[in-house]
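Keep in mind that this is a model prediction, so the values were computed, not measured. Atoms within each ligand, like the ligands themselves, are counted from 1 in listed order. All residue numbers refer to positions in the sequence shown, counting from 1.
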Amino acid sequence: MNQDELKATVADAAIKEIEPQLEKDTVLGIGTGSTANLFIDRLGPLRDRFKGTVASSEASAKRLTELGIEVFELNSVGNIPFYIDGADEVNTHLQMIKGGGAALTREKIVAACAKRFICIADGSKYVAQLGNFPLPVEVIPMARSYVARELVKLGADPVYRQGVVTDNGNQIIDCFDFMIDDPVAMEASINAIVGVVTNGLFAARGADVLLLGKPEGVERTALN
Ligand code: 5RP
């Protein structure tokens, strides 16, 4: 099985995970990226079984709307039982690096509001230590150089992601050569730099369930 086929197996598994729990008033949190897109596509035929969604990006909102699935403003929604999203890296504690698609801030906000975060990823995303994938940091544009200098002090090799503007009108710095020993502490340290909107470490609030696509089948890990 190739990577796309493995992504499809976890999208199917996520549908199986949430389908029995869908109610007429259910609002789902939806992530961003190619794995999340496969999940969105499978949600289309179920659209009459639940109320709608909150999207973590304009791209996901568009895809959901095109499938006839309602997309609500987060501020108008109370309870989100599930947030379903991919990851760039995930470890054994279900801590993640996310933001390869530059949607990290809205992803983190919707995940924070959700009762359960279901991470869907192909097996290549599973790592012993986070950091091989360059850690994205969303920054207020005028603070970019200052934040980059502060990231160097933390041990990173920061690179401006040229030409990318986030859905929030901000910029992305990717931290290369930055293996992370303590994801919770590093998430907090980077977020404490003035001008940082947020960083792509999802450690303080990791996933609750990981559905990992492997050639031999989908491996399910649940922490909560
Ligand atoms: C987007 C993300 C994605 O979840 C992450 O990049 C994984 O993407 P894909 O499912 O395409 O491999 O964080 O900001």
Q.
I want to check something: taking the side chain as every heavy atom from C-beta on, are K7 and D4 in contact at a cut-off of under 4.5 Å?
A. yes
Q: Could you tell me which atoms of ligand 1, counted from 1 in the order shown, lie closer than 4.0 angstrom to a heavy atom of K125?
A: 9 (P), 12 (O)
Q.
If I apply the N/O under 3.5 Å rule, does G99 come out as touching ligand 1?
A. yes
Q | Contacting atoms of ligand 1, where contact means under 4.0 angstrom from a heavy atom of T32 | A | 1 (C), 2 (C), 3 (C), 4 (O)
(Q) Starting from atom 9 (P) of ligand 1, what is the nearest protein heavy atom, named by residue and atom, and what distance separates them? (A) S34 OG, 3.3 Å
Q. Just which atoms of ligand 1 are under 4.0 Å from any heavy atom in G33?
A. 11 (O)
(Q) Within the 4.0 Å heavy-atom shell around D85, which atoms of ligand 1 are there? (A) 4 (O)
Q: Just need the protein heavy atom nearest to atom 6 (O) of ligand 1, so name the residue and atom and give the distance.
A: D88 OD1, 2.7 Å
(Q) I need the nearest protein heavy-atom contact for atom 10 (O) of ligand 1: residue, atom name and distance, please. (A) T35 OG1, 2.5 Å
Q: Run down the list K98, K7, E89 and name the one with the heavy atom closest to atom 4 (O) of ligand 1.
A: K98
Q. In terms of side-chain heavy atoms, does N168 have a donor or acceptor partner in E138 at a distance below 3.5 Å?
A. yes
**Q.** Pair Q21-T26, side-chain donor/acceptor within less than 3.5 Å
**A.** no
Q) Do you know the tightest heavy-atom contact between A156 and C175? A) CB-CB, 3.7 Å
Q.
Testing the basics here: between L130 and E89, what is the closest heavy-atom pair and its distance to 0.1 Å?
A. CA-OE1, 3.3 Å
Q.
Heavy atoms only: which of Q3, E107, R106 lies closest to atom 2 (C) of ligand 1?
A. E107
Q: Below 4.0 angstrom from a heavy atom of G86, which ligand 1 atoms are there? Numbered from 1 as shown, please.
A: 4 (O)
Q) Is it the side chain, the backbone, both or neither of A102 that has a heavy atom closer than 4.0 Å to ligand 1? A) backbone
Q. Considering residues at least two apart in sequence or located in another chain, which fulfil the salt bridge (Lys or Arg N to Asp or Glu O under 4.0 Å) criterion with R63?
A. D41
Q. Which of the atoms of ligand 1 are close to A103, meaning less than 4.0 Å from one of its heavy atoms?
A. 14 (O)
Q | Ligand-side contact atoms (ligand 1) for residue partner G101, heavy atom cut-off under 4.0 Å | A | 1 (C), 6 (O), 14 (O)
Q.
Tell me the contacting part of S57 for ligand 1: side chain, backbone, both, or neither, using a 4.0 Å heavy-atom threshold, strictly below.
A. neither
Q) Side chain, backbone, both or neither: which part of D122 has a heavy atom under 4.0 Å from ligand 1? A) neither
Q. Centre of F117's six-membered ring, under 6.0 Å away, within 45 degrees of the axis: is that where NZ or CZ of R205 sits?
A. no
Q: Decide whether a cation-pi geometry holds between K51 and F72; the criteria are a distance under 6.0 Å from NZ or CZ to the six-membered ring centre and an angle within 45° of the ring axis.
A: yes
Q) Is there a side-chain contact between D85 and I120, using heavy atoms and a 4.5 Å cut-off? A) no
Q) For F50, is the NZ or CZ atom of K24 found under 6.0 angstrom from the centre of its six-membered ring and inside 45 degrees of the ring axis? A) no
